[in-house]
Amino acid sequence: MLIACLRQISAFQIGRPSFVSRASSLQQAKHAPAWSRSLQVVFSSSTSTEAKVDFDLKSIDWLQDNVVEVLNELYDPADIARGNALAKLNKKPKKKKKKKGVEDENPPPEEPEMSEEEKQAIVDAAVANAKPFERADAMVARATKNTFGDYQVNAAMGLAKSLGMNPRDCAQQIIDGLKPRLASLMEEPEIAGPGFVNLRFQQSYLQQAVGAMAADAAGRLSLPKTPEPQKIVVDFSSPNIAKEMHVGHLRSTIIGDTLCNLLEFLGHKVVRLNHVGDWGTQFGMLVEHLRDEFPEALNKESAATVDLGDLVLLYKAAKKRFDVDEDFKIRAREGVVKLQAGNPEEIAAWEALCAASRVEYQKIYDMLNIKGLEERGESFYNQYLGETIDELEKLGMAVESDGATVVFVDGYTNRDGSPLPMIVRKSDGGFNYATTDLAAIRHRTTISSDESGEEADRVLYVTDSGQAQHFQMVFQAAKQAGFCAENSSLEHVPFGLVQGEDGKKFATRSGDTVKLKDLLNESVRIAGEDLRSRNSDADQAFLDRVDNVSRIVGIGAVKYADLSLNRESNYRFSYERMLSLNGNTAPYMLYAYARICGIIRKGSGQEDNKPIVWPEASEITITHQTEEDLMRNLIKLPDILNEVGRELYPHKVCDYLFETSQAFNQFYESCSVNKAETPELKASRLSLCTATAGTIRLLLDILGIEMVQKL
């Protein structure tokens, strides 16, 4: 399937003579071999040095700041506040429509009319609280269609209503204020409809911006880092000790890693935390089972060398004994107390379980290429739980209920309307998830770095949407208790379920939860089987590479299939769809990248079997509408990345990748690159290819997907 698609699309390639570009100074110019229709893959990073380009791409933030300056110069926020207040006060209530022939037996009582003094007091209060215009007031958005330009400023209608102006007159005032600031970059602004201001970058800016991207194709594509870096903690993956990682951990791991990559690229300091489930009542059961089956695990000297075998089977065996053996159950509960008290034997057994589990889930992280993940499990916060409860009790937030200690969070009730308790200490004295999460928030935001705290500006929790209410209650309680620093942001990043193709729970034929390791191996197996079956006559060089290529395609397909959908939606897992070369998939994007690299190789006389060297950027000229369309798409890149950094929806990166590849296809179908009319035009179009390839490379890297440079 995969190779058939590759061959079908590769048929669009036209063999064109090589063109000796400025890359000839890096290697001897010679004609590259014709594009091979059999699969050949070279996978490595570019060997070109990262270009230093003194140019920063403009983003919507830059435009918003300019609009805000203009609004603050043109209008007094107090006048706007006054107008808004008067509009609300003078707004006539809508009359409820009556059905013909039906009289309302209980009409709502009419609200008493305010006195002029009361109205004036409301207006005066609004004026007193008026603040200077901010970015949100600028109402700047990316244009929804190319015909509207690159951006739209939509503030005029609201301002005009508050000021009693004609909206188009207000829009003209905004334009007059913007023109001196934007004249060197933007075309003449246009007023559309009732007062929309359309803004379009000049072609000269497009040429300069895309040229800078091409010159920095192996680096940041001339994208500036944020001027206001934050420290951001991202809590993701979170497998449980002595349990197998499953598809539920897949989404958390992939989404969390991508968000970390993107936020780091934007210039933030990111702490990747793995909040593993390494503490709790189940460990008493496991420790006592080890005491009987692996007694050497209870000795610190010998525990490190104990082979515990299949941890899943070990867990199931311990759980079975716990359910049927009353004596074992008593021992298990006593074991929890001993573990929490720090008894050496229980601690040694617990550490052996943790070490064995780390070995297993590290195999998954290696397959997914997850790096820099710092383990900080539930046990780490055990030292803070007691003082967390004490503080809640001092504040009067923690109270006793049915023998347990609970916090009642405003706004949360049971189905019968009674207050919903958030348990922070169970009746047996044990702590709950909420307690650990509250202690973690304190450590991550308020405890100083001198005391091992993080002092984070932003904390992200990447977990399934089923935990939404839990985190809402925990966040609200933490803020009420002062456990969260005033300027710190706590954000739940929820995701939906992975389902089978039938829309039901994703499970094996026997109904068991699908193991993540098996899922990934199956994707790699299918990709490899397809590659081999359709290249039975391939040479040894291909056979030497096929296993690695299968891994790149198989793992990349699983990642991209997850990331390309809105994370809050459930998605149906399908190997056939994710490995397809048609549509917004990893194989399609890998092919698009390799295809552009092939065009650049031919145009710059580079050898097929070596990593690509990006040609030196040339002056870009625009001779066709598809060139301009591609360039306008490329310069959206900073806006896309900044938007995802704020809103945390990675599928927008995938959407933009697909749009970019589509824009490139239209350009390539309309504009010959290696058979361009002049050497200058050829060099210009090669730079366009380089900027596009650099964009795809950067975004696939952020998504955690390895690339192939040649197909």
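Numbering of residues begins at 1 and proceeds along the displayed sequence. Here the structure is a predicted model, which is why all the values come from computation and not from measurement.
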With no hydrogens and no angle check, is any side-chain donor or acceptor of [X] less than 3.5 Å from a backbone partner on [Y]?
{"X": "R458", "Y": "L490", "answer": "no"}
{"X": "R200", "Y": "E188", "answer": "no"}
{"X": "R251", "Y": "G256", "answer": "no"}
{"X": "K682", "Y": "N674", "answer": "yes"}

Of all pairs that satisfy side chain to side chain donor-acceptor pair (under 3.5 Å), the ones with a partner from residues 640-650, not counting sequence neighbours: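 Counting only pairs at least two positions apart or across chains, the side chain to side chain donor-acceptor pair (under 3.5 Å) contacts touching residues 640-650 are R142-E643, E568-Y649, E643-K652, E647-K652.
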Ionic contact status for E73 with R181, cut-off 4.0 Å: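 A salt bridge is present here (some side-chain N lies under 4.0 Å from a carboxylate O).
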K231 with D457: basic N within carboxylate O range, under 4.0 Å: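 Not counted as a salt bridge, because no side-chain N and carboxylate O are separated by less than 4.0 Å.
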Plane angle bin for F133 and Y75 - parallel if under 30°, tilted between 30 and 60°, otherwise perpendicular: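 Rings of Y75 and F133: perpendicular, as their planes differ by over 60°.
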Validation row: R685, F667 side chains within 4.5 angstrom (heavy atoms):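 Yes; the side chains approach each other to less than 4.5 Å.
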Partners passing salt bridge (charged side-chain N to carboxylate O under 4.0 Å, His left out) against R272 (at least two apart in sequence or in another chain):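 Salt bridge (charged side-chain N to carboxylate O under 4.0 Å, His left out) list for R272, sorted by chain: D257, E264.
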Within 45° cone of F265 ring axis and under 6.0 Å: R220 NZ or CZ: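 Relative to the ring axis of F265, which defines the angle, R220 lies inside both limits.
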Point-to-point distance, once rounded to the nearest 0.5 Å, from [atom1] of [X] to [atom2] of [Y]:
{"X": "D235", "Y": "E491", "atom1": "CG", "atom2": "CD", "result": "13.0 Å"}
{"X": "L699", "Y": "N261", "atom1": "CG", "atom2": "CG", "result": "11.5 Å"}
{"X": "K269", "Y": "I232", "atom1": "NZ", "atom2": "CD1", "result": "12.0 Å"}

Y656/D639 under side-chain hydrogen bond (donor to acceptor under 3.5 Å, both in side chains): CA gap, chis, key distance, verdict: CA-CA 11 Å; Y656 173 72; D639 288 340; over 6 Å; no
Evaluation steps, ring-ring contact (aromatic ring centres under 6.0 Å, His included), between F658 and Y588: CA-CA 9 Å; F658 190 61; Y588 177 87; 5.5 Å; yes
